[in-house]
Amino acid sequence: MPKHGISPTRTEDYPEWYQQVVRAAELAESSPVRGCMVIKPHGFALWERMQAILDGMFKATGHKNAYFPLFIPLSYLEQEAKHVEGFAKECAVVTHHRLELDADGRLVPKGKLEEPLVVRPTSETIIGAMYAKWVQSWRDLPILINQWANVVRWEMRPRVFLRTAEFLWQEGHTAHATEAEALQETLQMLDIYATFAEHDLAIPVWKGPKPASERFPGAVETYSIEAMMQDGKALQAGTSHFLGQNFAKAQNISFTDKTSKEEYCWTTSWGVSTRLIGGLIMTHADDDGLVLPPRIAPEQIVLLPIYRTDEDKNAVMKCCQEMRDLIEENQWRDEKIRVRIDDRDMRGGDKAWQHIKQGVPVRVEIGPRDIANGTVSIARRDEPPKQKHAMSLTEFPKSAAELLESIQSNLLKKAVAFRESHSSKIDSKDEIPAFFDASQQDMPGFAYVHVADDPAVAKALDPLKVTVRCTPMEWEEEPGKCLFTGKTVSRRSVISRSY
RNA sequence: CGGGGCGUAGCUCAGCCUGGUAGAGCGCUUGGUUUGGGACCAAGAGGUCGCAUGUUCGAAUCAUGUCGCCCCGACCA
């Protein structure tokens, strides 16, 4: 019997461990199409949870959902110079609209399109084109629209959930009358992402502007939330872009203001993707498989009936059903607690391990002996698999919400502690190579340093495979000199390796 | 697109060097023994050995080509 649910372990081979967790938890599989994944029901359930929570937050801040086409006319992409430059390399292009059988009986593309269509890598241009029509007066503003969609970016090196050719995301696109309002929107959405990451996914993040070199093509400023994975690398978990008037000017999104003057809009865009599932795995999963924060877990509590005889089965099942009903009467964080009785006909050990690998936060075993004693056996996914707590049968349903809260906060606390123990403030250029040298330091993480937004910084960090992730806004101002250019900057930035 | 590795049963792989007609473990099905735990015994199902061409009496094995996957770089949510 292997010691762990997942082989290899994180320390043995992190990338392989990641793939094995995805497989063991039945989240996704690779597909016949290179770079594309099949998201399996358990993986998709995580995405649906994310959608539900985020969508609520978007609606609460005045946004509405809409849907724009998958195909973008090639000429649209050309409208914003930097945008083209950034995305041209990774676009899938549709050039034909019909297939015909040739003499050998093979299908060949026919019906060449007058203008090729690009499969959206992002939708700024097509949405902007619509906004240009929709906006005429200052009374039409702001436009606050989000869409849930798939996008395609033809990547060289795909990695399930983290970087796939096709992925699911949401993209918000807003247009405003003033710069201040657009900037405020950009920061508001960044805050929503950060709150969602920490409060719901239990993933601590740093949020702040990124250097010019890491900016979204066509943006004036890109803000991101950055999380640390268990191998010390940073994962950009969400982005919010202040687009200034770049797209408005390129696409003529303009309006007549209160003084009858023609003005360009100020626009924003912001998004998170199925990459978050990868972040969830790499933040919380352990050597036994996935670990889900209760808030995002499709099933928060699983009841495992244990019985041998039919007689026992009847009593145990009845007890489970009562237990489920009692638990469901309780709420946690304004939602009915999600509980399932797993009565599948299979060996108890296999069944329990399946739930461990899939990350179910709480397992409750109920057998004849428990019923006789008036107890249940509780196991938390944030504790080792064999660690179980006996608890009163009648007390448990009442304390379930408390237990979920405890697991949720413990996971965040653990993730914060991990980040803290793998981060250092560094004030000398010479200490940086050693910090990121895996042979000297078993796991390089985040270095908090003073760096200017200057190409020279990226160039200096490049040999170390390190980039400036963002300059956290929540940190106190702490003026200092850039380690590479000597320019004075007002606060520290996060630098690290990244996904 | 450069450098390395690999395609044999659902999964992990052995066999290939030294050609002779396909194996193991896990999983699956059935029966039995078990039962607070990823069990044991027995029987069974399952593979044109990535694909193509060539060499040969004979190719999983040798040669050439081709397709695909994984890892490391360049690119990125």
Side-chain angles (χ1 to χ4, degrees), chain A residues 1-8 13-16 18-20 23-24 29-35 85-91 120-122 149-171 193 210 213-217 219 222-227 234-241 269-279 288-289 304-309 312-313 316 342 346-357 363-373 375-377 379 385-386 388 390 462-463 465 467 469 498-499:
Chain A
M1 168 165 53
K3 257 202 217 109
H4 302 289
I6 301 296
S7 169
D13 185 345
Y14 193 82
E16 181 60 23
Y18 173 78
Q19 307 224 71
Q20 292 304 325
R23 198 161 78 142
E29 272 177 32
S30 61
S31 74
V33 184
R34 184 188 145 71
E85 206 182 297
F87 285 108
K89 291 188 294 288
E90 50 192 41
C91 284
R120 65 179 161 223
T122 178
N150 58 339
V151 286
V152 168
R153 295 182 188 176
W154 213 264
E155 295 290 348
M156 291 296 174
R157 257 182 65 194
R159 219 130 134 28
V160 68
F161 288 122
L162 298 174
R163 198 190 300 107
T164 47
E166 180 192 18
F167 57 93
L168 306 184
W169 77 346
Q170 60 63 219
E171 46 179 328
Y193 290 153
K210 294 180 83 74
S213 54
E214 302 276 317
R215 212 172 268 159
F216 174 78
T222 285
Y223 298 83
S224 73
I225 54 172
E226 300 282 335
L235 183 80
Q236 178 173 306
T239 50
S240 187
H241 313 292
S269 69
W270 28 275
V272 298
S273 71
T274 37
R275 172 180 258 203
L276 283 175
I277 297 173
D288 292 316
L304 302 168
I306 291 159
Y307 52 80
R308 200 151 25 131
T309 64
D312 284 347
K313 180 175 176 177
V316 169
D342 186 353
M346 58 189 284
R347 292 190 60 81
D350 289 332
K351 199 191 273 188
W353 273 96
Q354 209 171 73
H355 293 293
I356 292 168
K357 288 176 186 173
R363 304 186 305 283
V364 181
E365 299 174 356
I366 304 177
R369 226 184 289 162
D370 290 302
I371 296 177
N373 298 339
T375 60
V376 286
S377 172
K386 305 268 157 150
K388 294 174 189 176
D462 188 60
K465 290 184 266 173
T467 49
R469 303 314 305 160
S498 69
Y499 277 96

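In what follows, every chain begins at residue 1, and chains take the letters A, B, ... in the order their sequences are listed.
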Asker: Can you confirm whether A:Phe87 sits close enough to A:Phe216 that some side-chain heavy atom of one is under 4.5 Å from a side-chain heavy atom of the other?
Answerer: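 Sidechains of A:Phe216 and A:Phe87: in contact.
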Asker: In whole angstrom, give the distance that lies between atom CZ of A:Arg308 and atom C1' of B:rG36.
Answerer: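 Those two atoms, CZ and C1', are 10 Å apart.
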Asker: Determine, step by step, whether A:Gln170 and A:Trp270 satisfy the side chain to side chain contact (heavy atoms under 4.5 Å, CB included) criterion, reporting the C-alpha distance in whole Å, the side-chain angles of both residues, the deciding distance to 0.1 Å, and the verdict.
Answerer: CA-CA 8 Å; A:Gln170 60 63 219; A:Trp270 28 275; 3.6 Å; yes
Asker: Can you check the distance between B:rG31 and B:rG50, where both ends of the measurement are the P atom (answer in whole Å)?
Answerer: 36 Å
Asker: Does A:Glu226 offer a backbone N or O that forms a donor-acceptor pair with the side chain of A:Ser224 under 3.5 Å?
Answerer: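 Answer holds: no.
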Asker: Under 3.5 Å, is there an N or O donor on one side and an acceptor on the other linking the side chain of A:Arg369 and the base of B:rG36?
Answerer: yes
Asker: Between atom CD1 in A:Ile366 and atom P in B:rG36, what is the gap in whole Å?
Answerer: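 Value for this atom pair: 17 Å.
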Asker: Between A:Glu214 and A:Thr222, what is the shortest heavy-atom contact and its length?
Answerer: O-CG2, 4.5 Å
Asker: At under 4.0 Å between heavy atoms, what does A:Lys388 touch on the DNA or RNA strands: base, sugar-phosphate, or nothing?
Answerer: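 Contact class for A:Lys388: base.
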Asker: Can you tell me the base-pairing partner of B:rG37? Count Watson-Crick or G-U wobble geometry only, both distances below 3.5 Å, and say none if there is no partner.
Answerer: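 Base-paired to nothing in any strand shown.
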Asker: Is there a Watson-Crick or G-U wobble partner for B:rC17 with both distances under 3.5 Å, and which nucleotide is it?
Answerer: none
Asker: Pick the C1' atom in B:rU21 and in B:rA60, then give their distance to the nearest Å.
Answerer: 10 Å
Asker: Could you check which nucleotide pairs with B:rU29 in any of the strands shown, counting Watson-Crick or G-U wobble with both distances under 3.5 Å?
Answerer: B:rA43
Asker: If B:rC6 has a Watson-Crick or G-U wobble mate with both distances under 3.5 Å, name it; if not, just say none.
Answerer: B:rG68
Asker: Whole Å only: how far is the CD atom of A:Gln354 from the C1' atom of B:rG37?
Answerer: 14 Å
Asker: Looking at A:Lys351 and A:Asp342, would you say the former's side chain and the latter's main chain have a donor-acceptor pair under 3.5 Å?
Answerer: yes
Asker: Start at the 5' end of RNA chain B and walk down; is the nucleotide closest to A:Ser377 or to A:Gly35 reached first?
Answerer: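 The residue closer to the strand's 5' end, by nearest nucleotide, is A:Ser377.
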Asker: In whole angstrom, what separates A:Arg347's CZ from B:rU33's P?
Answerer: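 About 14 Å, once rounded to whole Å.
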Asker: Can you check whether any acceptor in the base of B:rG36 is under 3.5 Å from a donor in the side chain of A:Asp370, or vice versa?
Answerer: yes
Asker: Return the pairing partner of B:rG58 with a 3.5 Å limit on both distances, Watson-Crick or G-U wobble; otherwise return none.
Answerer: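 Its partner: none found.
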Asker: Between atom NE2 in A:His355 and atom P in B:rG37, what is the gap in whole Å?
Answerer: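 Distance, rounded to whole Å: 17 Å.
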Asker: How many angstroms lie between atom SG of A:Cys91 and atom CZ of A:Arg153, to the nearest 0.5 angstrom?
Answerer: 9.0 Å
Asker: Find the distance A:Asp350:CG to B:rU35:C1' and express it as a whole number of Å.
Answerer: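 Result: 13 Å.
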Asker: Say we look at B:rG3 and B:rA74: how far apart would their C1' atoms be, to the nearest angstrom?
Answerer: 12 Å
Asker: Would a distance-only check, ignoring hydrogens and angles, find a side-chain to backbone donor-acceptor pair under 3.5 Å from A:Arg363 to A:Pro385?
Answerer: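 Here the side-chain-to-backbone pair exists.
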Asker: Sticking with atom P, work out how far B:rU55 lies from B:rG46, rounded to a whole angstrom.
Answerer: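 The same atom, P, in both gives a distance of 35 Å.
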Asker: For a quick check, with a 4.0 angstrom heavy-atom cut-off, what is the B/S/- contact string for nucleotides 70-77 of chain B, read 5' to 3'?
Answerer: SSSBBBBB
Asker: With rounding to whole Å, what would you report as the distance between B:rU12 and B:rC6 at their P atoms?
Answerer: 16 Å
Asker: Would you measure the distance from the C1' atom in B:rC62 across to the matching atom in B:rC16 and give it in whole Å?
Answerer: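 Looking at atom C1' only, B:rC62 and B:rC16 are 10 Å apart.
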Asker: What I want to check is whether the side chains of A:Arg469 and A:Thr467 have a donor and an acceptor closer together than 3.5 Å.
Answerer: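 Side chains of A:Arg469 and A:Thr467: pair found under 3.5 Å.
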Asker: Produce a footprint string for nucleotides 4-14 of chain B: one letter per nucleotide, 5' end first; B if the base is under 4.0 Å from any protein heavy atom, S if only the sugar-phosphate is, - if neither.
Answerer: -------S---
Asker: Given the C1' atoms of B:rA45 and B:rG10, what is the spacing between them in whole Å?
Answerer: 12 Å
Asker: For A:Lys357, what residues pass the salt bridge (charged side-chain N to carboxylate O under 4.0 Å, His left out) criterion, not counting sequence neighbours?
Answerer: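 Once residues adjacent in sequence are excluded, A:Lys357 has no partner under the salt bridge (charged side-chain N to carboxylate O under 4.0 Å, His left out) criterion.
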Asker: I need the CD-P distance between A:Glu29 and B:rC69, as an integer number of Å.
Answerer: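 A:Glu29 atom CD is separated from B:rC69 atom P by 15 Å.
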Asker: If you look at every strand shown and take non-hydrogen atoms under 4.0 Å, does A:Gly349 touch a base, only sugar-phosphate, or nothing?
Answerer: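 Sugar-phosphate contact only.
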Asker: For B:rC76, which nucleotide in any strand shown is its Watson-Crick or wobble partner with both distances under 3.5 Å?
Answerer: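 B:rC76 is paired with nothing.
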Asker: Is the closest side-chain heavy-atom distance between A:Pro305 and A:Lys313 below 4.5 Å?
Answerer: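 A:Pro305 does not reach A:Lys313 side chain to side chain.
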Asker: Keeping the roles fixed (side chain from A:Arg163, backbone from A:Pro158), state whether a donor-acceptor pair exists under 3.5 Å.
Answerer: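 Checked: no pair found.
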Asker: Rounding to an integer number of angstrom, what distance separates B:rU8 and B:rA14 when you compare their C1' atoms?
Answerer: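 Those two atoms are separated by 10 Å.
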